[in-house]
Amino acid sequence: MQISQITRDTLDVTLLGKKPGHKYDHGHALVLSGGPGKTGAARMAARGALRIGAGAVTLGVPPAAQLEVAVQVTAMMLERIPDGAALADVLKDNRISALCLGPALGLGARAAGLVKAALAAPSVVLDADALTLTSQDAEICAGLHPRCILTPHMGEFARLAPDLAEAAKAERPSAKAWAAREAAARFGCVVLLKGPETVIATPEGHVRRHCATHDRETPWLATAGAGDVLAGFITGLLARGIEPLEAASLATWLHAEAALTHGPGLIAEDLPDLLPQVLRALNVQAA
């Protein structure tokens, strides 16, 4: 199995540049929120998508959470999305180019309906609760497609694929990479298996690895919401038309680089607002 290492030198940072144009020329990301008291995770993901360059970002909220979200956001738009049927209607807008769902979404019937409807979006990032629902519902699994990205940590991976999660723990080189590759083939989409060693695999067998160890060690990423921001970074890049493997690779490296730029004391809300500094250091230019 060939594994490519994700480093600054292997990234195509030209993909991060933007041409002049209308906001929708740079993609429209939709991020779905949980109910009242559970909207923070989606708001962080949405801010991540906006900071990484999506031209427009909309938060899809259940009606009961609309006021809570409205008083917290400015640049993001709001859309009332009570259930899967409403989401299906929203997705008829062909300007929506990527969708993120799962952070604090919940595990009830409403959430399951949203995940099923979400799979009609051009590109989809499934994180957190959406992964648990995927592990429980064969219909969701059957609806996954190559422009979906699953972003589990090891606990979520154990629910999605218990046999592969066990194999990933084996004391042999590349066990985690092998497990991620097998999962990508099984689910027919990109799998980003998080951790100090993050592995990204495609259904075709491509495997990339980012190691946040040694000089890139980022223990302060072990904080609530950091994974939600990563999901937002990936969604923003997908919204801009970047292919799933590249979007996942760029987002993973930038996420760690932002944490390194900040250092100790980091909280998840800091990550999106560190991106401009990181992108300037990369000398990202207009494409």
Side-chain angles (χ1 to χ4, degrees), residues 29-54 57-62 65 68-76 78 98-107 111 114-115 118 124-133 149-157 159 192-196 198 210 212 216-239 247-248 250-278:
L30 175 63
V31 180
L32 300 187
S33 165
K38 298 183 181 298
T39 66
R43 286 188 279 111
M44 285 190 288
R47 190 168 182 84
L50 196 62
R51 275 291 189 197
I52 212 161
V57 178
T58 295
L59 274 158
V61 299
E68 176 183 321
V69 174
V71 300
Q72 297 279 353
V73 300
T74 303
M76 278 79 80
L78 289 182
L99 189 156
C100 173
L101 78 169
L105 186 68
L107 298 173
L114 288 171
V115 177
V124 189
V125 176
L126 294 97
D127 189 38
D129 289 341
L131 298 172
T132 299
L133 289 164
I149 301 180
L150 307 181
T151 60
H153 55 57
M154 282 302 297
E156 292 160 340
F157 192 58
R159 291 192 285 275
L192 186 155
L193 184 52
K194 295 184 288 196
T198 293
H210 177 266
R216 287 190 65 77
E217 190 172 61
T218 54
W220 37 89
L221 275 176
T223 185
D228 305 323
V229 175
L230 175 60
F233 284 177
I234 299 168
T235 305
L237 293 172
L238 289 172
L250 283 164
T252 297
W253 190 89
L254 291 168
H255 189 248
E257 191 68 12
L260 285 166
T261 299
H262 188 286
L266 175 83
I267 59 175
E269 290 99 314
D270 296 325
L271 289 163
D273 294 340
L274 289 159
L275 266 186
Q277 182 178 347
V278 172

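It should be emphasised that the depicted structure is a prediction, and the values quoted were computed from it without experimental measurement. Values below: every heavy atom of this structure, side chains too, minus hydrogens, waters and symmetry copies.
A 4.5 Å side-chain heavy-atom check between L99 and T235 finds every atom pair outside the cut-off. Contact of the L101 side chain with the L126 side chain is registered, since non-hydrogen atoms from C-beta on lie closer than 4.5 Å. Side-chain contact between T39 and V61: absent, with no pair of heavy atoms (C-beta onward) separated by less than 4.5 Å. Contact annotation: the side chain of S33 never approaches that of R43 to less than 4.5 Å [non-hydrogen atoms, C-beta and beyond].
Here the straight-line distance linking atom CG of L59 with atom CE of M76 works out to 5.5 Å at 0.5 Å rounding.
W220 places a side-chain N or O within donor-acceptor distance of the main-chain N or O of A259, the cut-off being under 3.5 Å.
Not counting sequence neighbours, the partners of R47 by the salt bridge (charged side-chain N to carboxylate O under 4.0 Å, His left out) test are D273.
For the side-chain contact (heavy atoms from CB on, under 4.5 Å) with L230, the lone residue among L192, V125, L221, L271 that qualifies is L192.
Counting only N and O atoms by type, the side chains of Q277 and T261 include no donor and acceptor under 3.5 Å apart.
Annotation for A256 and T218: closest pair O-CG2, 3.8 Å, computed over non-hydrogen atoms. Among all heavy-atom pairs drawn from A247 and L238, the shortest one is CB-CD2, 3.9 Å.
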Practice task
Mind running side-chain contact (heavy atoms from CB on, under 4.5 Å) on D127 and I234 for me, showing each step along the way?
Solution key: CA-CA 11 Å; D127 189 38; I234 299 168; over 6 Å; no
Practice task
Verify side-chain contact (heavy atoms from CB on, under 4.5 Å) between I267 and M44, making sure each step is shown before the conclusion.
Solution key: CA-CA 11 Å; I267 59 175; M44 285 190 288; over 6 Å; no
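Among pairs with a residue in residues 253-269, those fulfilling salt bridge (Lys or Arg N to Asp or Glu O under 4.0 Å) read R216-E257, at least two apart in sequence or across chains.
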